[in-house]
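Take a look at the structure set out below.
Only this structure's heavy atoms are used, side chains among them; waters, hydrogens and symmetry mates stay out. Naming: A, B, ... by sequence-line order, numbering from 1 per chain.
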Number of protein chains: 2
Amino acid sequence: MGITKSEIFTDAQNELATIAKVIGHPARVAILQYLFEKNSCVCGDLVNEIGLAQPTISQHLRELKNVGLIKGDIEGTRVCYCIDSDKWLEVQNLLMHFFNRNPADNSCC
Amino acid sequence: MGITKSEIFTDAQNELATIAKVIGHPARVAILQYLFEKNSCVCGDLVNEIGLAQPTISQHLRELKNVGLIKGDIEGTRVCYCIDSDKWLEVQNLLMHFFNRNPADNSCC
DNA sequence: TTGTTATATCGCAATATTACGATTAATTGA
DNA sequence: TCAATTAATCGTAATATTGCGATATAACAA
């Protein structure tokens with residue numbers, strides 16, 4: 001049905017999935033990378049850098065902002081975006097916990 | 001249009017996004033967690049453990065298998081699934097590289 | 001062979017996502 | 001004030017995802 005049954009999963013499972021889902025688009029990966037390189041950027045930069053239309057970039061920025069990975073500051077007619085350090089470290093931690101376990105060697109297959 | 005313009009992004013960006021997208025569903029997170037706990041499982045286990053129908057679980061298993069995170073071995077009428085260690089470590093590395101950078105403090109906002 | 005069990009696949013309905021043109025809103029500069 | 005600039009929002013089309021009932025497939029057990 002296109003709708004995820006979030007209610008049958010734990011908060012932790014839903015949280016990890018939500019974060020991963022946002023990172024699950026190359027445009028948003030590219031935006032995060034660009035933000036790290038430049039340490040700040042405006043929507044217009046990204047429209048030039050990435051080959052997507054302005055409304056599309058704006059939409060992706062909103063999704064990144066919704067999960068808290070980036071924040072934006074209005075500067076006149078432009079909006080300055082940057083990584084939210086606190087959230088970034090939180091996500092770093094979340095992913096660490098999930099991925100930093102080593103799979104057993106004695107796997108069945 | 002619902003279709004991602006993968007061709008305008010780098011291979012690395014697309015790869016990270018593809019992996020993240022697969023992890024971007026709580027059922028698949030739950031499956032991976034269960035696999036780590038039990039070190040092996042069959043589809044039926046998951047149908048009982050998670051509250052989703054068998055065809056739905058099967059579909060999620062296929063997606064995890066498609067990106068290589070898990071593999072399945074046929075054992076009679078059952079299929080034994082487990083984490084693919086090599087791929088897991090590869091993904092671990094990929095995510096490390098992306099997330100293990102610390103955001104600058106002198107952010108604009 | 002026949003029934004049982006376990007999983008995959010098909011087909012569908014409901015919803016979500018992606019992308020963008022057109023428009024709006026807000027600020028700056030002349 | 002008026003035009004220009006920048007970004008958000010609206011509306012929409014195309015496609016993808018999620019979930020499941022029904023069915024198919026495959027292996028085993030009797």
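- Between B:E63 atom CD and D:dA16 atom C1' the separation is 10 Å, expressed in whole Å.
- With hydrogens and angles ignored, no donor-acceptor pair closer than 3.5 Å exists between the side chain of A:Q59 and the base of D:dC10.
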Could you list, one pair per line, each protein nitrogen or oxygen that sits under 3.5 Å from a nitrogen or oxygen of nucleotides 25-30 of chain C, together with the distance?
none

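- In terms of phosphate contacts, B:H25 brings a side-chain nitrogen or oxygen within less than 4.0 Å of OP1 or OP2 of D:dG19.
- No continuous path of ILVMFWY side-chain contacts below 4.5 Å connects A:V42 to A:L69, so the two sit in separate hydrophobic clusters.
- Protein atom CG of B:L61 is 13 Å distant from nucleotide atom P of D:dG19, rounded to whole Å.
- A close approach under 4.0 Å does occur between a side-chain nitrogen or oxygen of A:K21 and OP1 or OP2 of C:dT17.
- For B:F9, there are no ring pair (Phe, Tyr, Trp, His ring centres under 6.0 Å) partners at least two apart in sequence or on another chain.
- Taking atom CG on A:N48 and atom C1' on D:dT6, their separation rounds to 12 Å, with Å as the unit.
- Residue whose closest nucleotide on DNA chain C sits further toward the 5' end, between B:S58 and A:P55: B:S58.
- Within the 4.0 Å cut-off from OP1 or OP2 of D:dC28, not a single side-chain nitrogen or oxygen of B:R78 is found.
- For B:D11, the CG atom is loosely surrounded, since the number of other residues' heavy atoms within 6.0 Å does not exceed 12.
- A donor-acceptor contact under 3.5 Å links the side chain of B:Q54 to the base of C:dA8.
- Using a 4.0 Å cut-off between charged side-chain N and carboxylate O, B:K87 and B:E90 make a salt bridge.
- Using a 4.0 Å cut-off, no side-chain N or O of A:Y81 falls inside it from OP1 or OP2 of D:dT6.
- Residue B:H60 places no side-chain N or O under 4.0 Å from the OP1 or OP2 atom of D:dT17.
- With values rounded to the nearest 0.5 angstrom, B:I8 atom CD1 is found 11.0 Å from A:E49 atom CD.
- Rounded to the nearest 0.5 angstrom, A:E15 CD and A:L94 CG are separated by 5.5 Å.
- The CG atom of A:L46 sits 14 Å away from the P atom of C:dA19 (whole-angstrom rounding).
- Note on A:R62: a side-chain N or O is less than 4.0 Å away from OP1 or OP2 of D:dT9.
- Taken from NE2 in B:H60 to NZ in B:K65, the straight-line distance is 15.0 Å, to the nearest 0.5 Å.
- Rounded to whole Å, the distance from CG on B:D73 to P on D:dA27 is 14 Å.
- One atom, CD1 of B:I31, and another, P of D:dG19, lie 10 Å apart when rounded to the nearest Å.
- Taking atom CD1 on B:I70 and atom P on C:dT7, their separation rounds to 12 Å, with Å as the unit.
- Cation-pi geometry between A:R101 and A:F98 is satisfied (NZ or CZ under 6.0 Å from the ring centre, within 45° of the ring normal).
- As a whole-Å value, the separation of B:L64 CG from C:dT7 C1' is 16 Å.
- Among the protein residues, A:L52 comes within range of the sugar-phosphate backbone only, with heavy atoms under 4.0 Å from sugar or phosphate atoms but none that close to a base.
- Taking for each of A:F9 and A:T56 the nucleotide of DNA chain D with the nearest heavy atom, the 5'-most of the two is the partner of A:T56.
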